[in-house]
There are 2 protein chains.
Amino acid sequence: MSTIKPDLHAILDLDRIVHEPARLAILTVLAAAEAVEFLFLQRITGLSKGNLSSHTQKLEAAGFLETLKAFRGRIPVTSFQITEDGRAALHAYHKQLRALLPKEGKP
Amino acid sequence: MSTIKPDLHAILDLDRIVHEPARLAILTVLAAAEAVEFLFLQRITGLSKGNLSSHTQKLEAAGFLETLKAFRGRIPVTSFQITEDGRAALHAYHKQLRALLPKEGKP
DNA sequence: GAAACTAGTTTGTATTGCAAACTAGTTTTG
DNA sequence: CAAAACTAGTTTGCAATACAAACTAGTTTC
């Protein structure tokens, strides 16, 4: 029998903030750009506004992103930027996933 | 800019039954053995009994495992076995994860 | 200046995940 | 041999989500 115990703890220790698919999607987008606007984020994720708003608030509370409020002309525009902590958390999450994935799918 | 959209949908389409860490841990163990007893499962996952019970019930409702009730002497013993559907779901989940992971961590 | 639109937030609800408390029986002990 | 303690698991109650509908605040159009 192979050693599955370490994998198990890797699984159970996954960062729940990042693990939620909606938030993982958000972080994935933010990690690929300097800054991302609310509406762009909404469109490419397909999340509802309310949902997106609360997930970004949760990510901000976790210190994983920063919210930038500005105006384009007179219209308010909210943008997000991933923080260093956010980037670190995303990388750590990726590392955890790699650790728990079996070496190869059946060929 | 690279194509992040497909990854996004892979993320948002993750199977939530499997995605929950406790259940992923359970399926991972079941996939590695013929049959696994309740208490063994509880010990190696570290889940509480109640928690383990409800997660296995959810996995059973999803058709991902079968529950086998038996007696050892006069003591009841509950075991679980992954089903073909369960194995397929786990493999599909692994595949989805591989699809969304960036090619390599920074070397 | 009323109606419709933009950009997001708050609120309400339904679903979870979790462990404490419970059930049903078995073994041990006074 | 009955009370206490243990085994094996389930049910219940609660706190935390995730989600979208309804709302807020302002702007543009008609």
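By convention in this document, chain letters (A, B, ...) are assigned in the order of the sequence lines, proteins followed by strands, and residues within each chain are numbered from 1. What you are looking at is a predicted structure, and each value in this text was computed from that prediction instead of being measured.
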(request) Identify, residue by residue, the members of residues 74-81 of chain B with a heavy atom below 4.0 Å from DNA chain D, and return them in order of residue number, or none. (result)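 The answer is B/Ile75, B/Pro76, B/Val77, B/Thr78.
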Using a 3.5 Å cut-off and no angle test, enumerate the donor-acceptor pairs between side-chain atoms of residues 57-64 of chain A and protein atoms at least two apart in sequence or in another chain.
| unit_1 | atom_1 | unit_2 | atom_2 | d |
| --- | --- | --- | --- | --- |
| A/Gln57 | NE2 | A/Ser53 | OG | 3.3 |
| A/Glu60 | OE1 | A/Thr67 | OG1 | 3.4 |
| A/Glu60 | OE2 | A/Thr67 | OG1 | 3.2 |

(message) Suppose we screen for side-chain contact (heavy atoms from CB on, under 4.5 Å). Which residues come up paired with B/Arg43, at least two apart in sequence or across chains?
(response)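 Counting only residues at least two positions away or on another chain, B/Arg43 forms a side-chain contact (heavy atoms from CB on, under 4.5 Å) with B/Leu39.
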(request) May I ask you to say what A/Leu39 touches in the nucleic acid, namely base, sugar-phosphate or nothing, with a heavy-atom cut-off under 4.0 Å? (result)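 Sugar-phosphate only.
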(message) Looking at A/Glu66, I'd like to know if its CD atom is crowded, meaning that more than 12 non-hydrogen atoms belonging to other residues, nucleotides or ligands lie closer than 6.0 Å.
(response)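 No, because the 6.0 Å sphere around CD of A/Glu66 holds 12 heavy atoms or fewer from other groups.
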Compare every heavy atom of [Y] with every heavy atom of [X], then report the nearest pair and how far apart it is.
X	Y	value
B/Ile17	B/Arg23	O-NE, 2.7 Å
B/Tyr93	B/Leu24	CE2-CD2, 3.7 Å
A/Ile44	B/His9	O-CE1, 4.3 Å
B/Arg98	A/Pro102	NH2-O, 2.5 Å
A/Ala10	A/Gln96	O-NE2, 4.4 Å

(message) In this structure, would B/Phe40 and B/Leu52 fall into the same cluster of hydrophobic residues linked by side-chain contacts under 4.5 Å?
(response)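 Linked within one cluster.
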(request) Show your working on side-chain contact (heavy atoms from CB on, under 4.5 Å) between A/Val77 and A/Leu68 and close with a plain yes or no. (result) CA-CA 8 Å; A/Val77 178; A/Leu68 308 168; over 6 Å; no
(message) Would you say that B/Leu100 contacts A/Thr28 through its side chain, given a criterion of any heavy-atom pair below 4.5 Å between the two side chains?
(response)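 The answer is no, as the side chains (C-beta and beyond) never meet within the 4.5 Å cut-off.
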(request) Extract, from 5' to 3' on DNA chain D, the first and final nucleotides lying under 4.0 angstrom from some heavy atom of chain A. (result)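 The footprint of chain A covers D/dT17 to D/dT28.
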(request) Please check if any side-chain donor atom of B/Asp15 sits under 3.5 Å from a side-chain acceptor atom of B/His19, or the reverse. (result)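 There is no such pair between these side chains.
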(message) If the helix axis at each end comes from five base pairs, how far does the helix from C/dG1-D/dC30 to C/dG30-D/dC1 deviate from straight, to 10°?
(response)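 End-to-end axis angle: 30°.
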Distances under 3.5 Å between protein N/O atoms and the N/O atoms of nucleotides 12-20 of chain C, please, pair by pair.
| unit_1 | atom_1 | unit_2 | atom_2 | d |
| --- | --- | --- | --- | --- |
| C/dG17 | OP1 | B/Glu20 | OE1 | 3.1 |
| C/dG17 | OP1 | B/Arg23 | NH2 | 3.1 |
| C/dG17 | OP2 | B/Arg23 | NH1 | 2.6 |
| C/dG17 | OP2 | B/Arg23 | NH2 | 3.4 |
| C/dC18 | OP2 | B/Asn51 | ND2 | 3.4 |
| C/dC18 | OP2 | B/His55 | NE2 | 3.1 |
| C/dC18 | O5' | B/Asn51 | ND2 | 3.2 |
| C/dA19 | OP2 | B/Ser48 | OG | 3.1 |

